[in-house]
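Heads up, the thing below is written out as structure tokens.
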Amino acid sequence: NAGVMQNPRHLVRRRGQEARLRCSPMKGHSHVYWYRQLPEEGLKFMVYLQKENIIDESGMPKERFSAEFPKEGPSILRIQQVVRGDSAAYFCASSLQGENGNTIYFGEGSWLTVV
Amino acid sequence: SQELEQSPQSLIVQEGKNLTINCTSSKTLYGLYWYKQKYGEGLIFLMMLQKGGEEKSHEKITAKLDEKKQQSSLHITASQPSHAGIYLCGADDPGGGADGLTFGKGTHLIIQP
């Protein structure tokens with residue numbers, strides 16, 4: 001049973017370009033979370049999605065960031081017009097049901113570098 | 001909102017020694033997760049605790065949640081180089097407004113041979 005799969009593992013973008021990060025949850029998991037880990041900072045929640053629905057995006061920056069989890073295919077975190085401050089590790093996690101009492105598994109992360 | 005404080009921030013331990021990492025919450029913990037992260041890699045799930053006084057073990061790692069459910073400790077017995085990494089505690093905050101886990105800043109563990 002494959003774990004949470006993220007790609008790309010490493011991504012370099014120039015300022016102003018777009019970054020797309022993909023996440024395939026563990027088999028059977030319909031709850032997906034995105035987190036961001038900035039250098040020297042902790043892991044911060046960004047968004048929580050279920051299939052075709054954004055449940056909670058309270059941690060998402062108001063502009064340039066969007067997330068989706070379509071009926072078919074992986075969840076996508078999209079960052080438009082990237083800036084240097086977007087450089088970070090972006091982690092996807094999934095769970096069988098909502099987090100309360102359910103184990104949440106993380107992917108290996110996608111490291112975004114904006115040059 | 002809930003805040004988690006981990007201590008110590010970093011720890012250097014000689015191989016074979018025991019160590020303890022603490023995670024203290026500003027609010028009652030409803031679900032406390034421990035993860036390990038190797039530098040430049042993802043998070044590996046270690047354990048989840050929910051009940052006051054609960055204790056779980058996996059190999060040489062034991063985690064406890066205190067009776068008041070505001071503090072958790074992670075104890076490693078006879079540490080090995082493979083234990084090196086960043087240990088993160090994360091918590092559910094059902095009343096906090098956000099659906100994600102809140103994490104501490106992590107404890108960096110170095111094992112000296």
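Quick note on labels: first sequence line is chain A, next is B, and so on, each numbered from 1. Computation of the quantities below employed the complete heavy-atom set of this structure, encompassing side-chain atoms and omitting hydrogens, waters and symmetry-equivalent molecules.
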Proximal component of A:Gln6, with respect to chain B [non-hydrogen, under 4.5 Å]: neither
Gap separating the CD1 atom of A:Ile104 from the CG atom of B:Leu43, nearest 0.5 angstrom: 11.0 Å
Hydrophobic cluster membership, A:Ile79 vs A:Ile76, 4.5 Å side-chain cutoff: no
Donor-acceptor contact present, side-chain A:Tyr35 to main-chain B:Gly100, <3.5 Å: no
Gap between atom OH of B:Tyr35 and atom CZ of A:Phe91 - 0.5 Å precision: 12.0 Å
Co-membership, hydrophobic cluster, residues A:Met5 and A:Trp34, 4.5 Å side-chain: no
Within one Ile-Leu-Val-Met-Phe-Trp-Tyr cluster: B:Ile76 and B:Met47, side-chain cutoff 4.5 Å: yes
Linked, directly or transitively: A:Phe106 and A:Tyr48 (ILVMFWY side chains, under 4.5 Å): yes
Heavy-atom closest pair, residues B:Leu101 and A:Phe45: O-CB, 4.0 Å
Transitive ILVMFWY side-chain link A:Phe65 to A:Val114, under 4.5 Å: yes
Side chain / backbone / both / neither for B:Gln6 at chain A, heavy atoms under 4.5 Å: neither
Pair listing, salt bridge (charged side-chain N to carboxylate O under 4.0 Å, His left out) test, anchored in residues 67-78 of chain A, at least two apart: A:Glu18-A:Arg78
Approximate separation, where rounding is to 0.5 Å, of A:Arg9 CZ and B:Glu41 CD: 7.0 Å
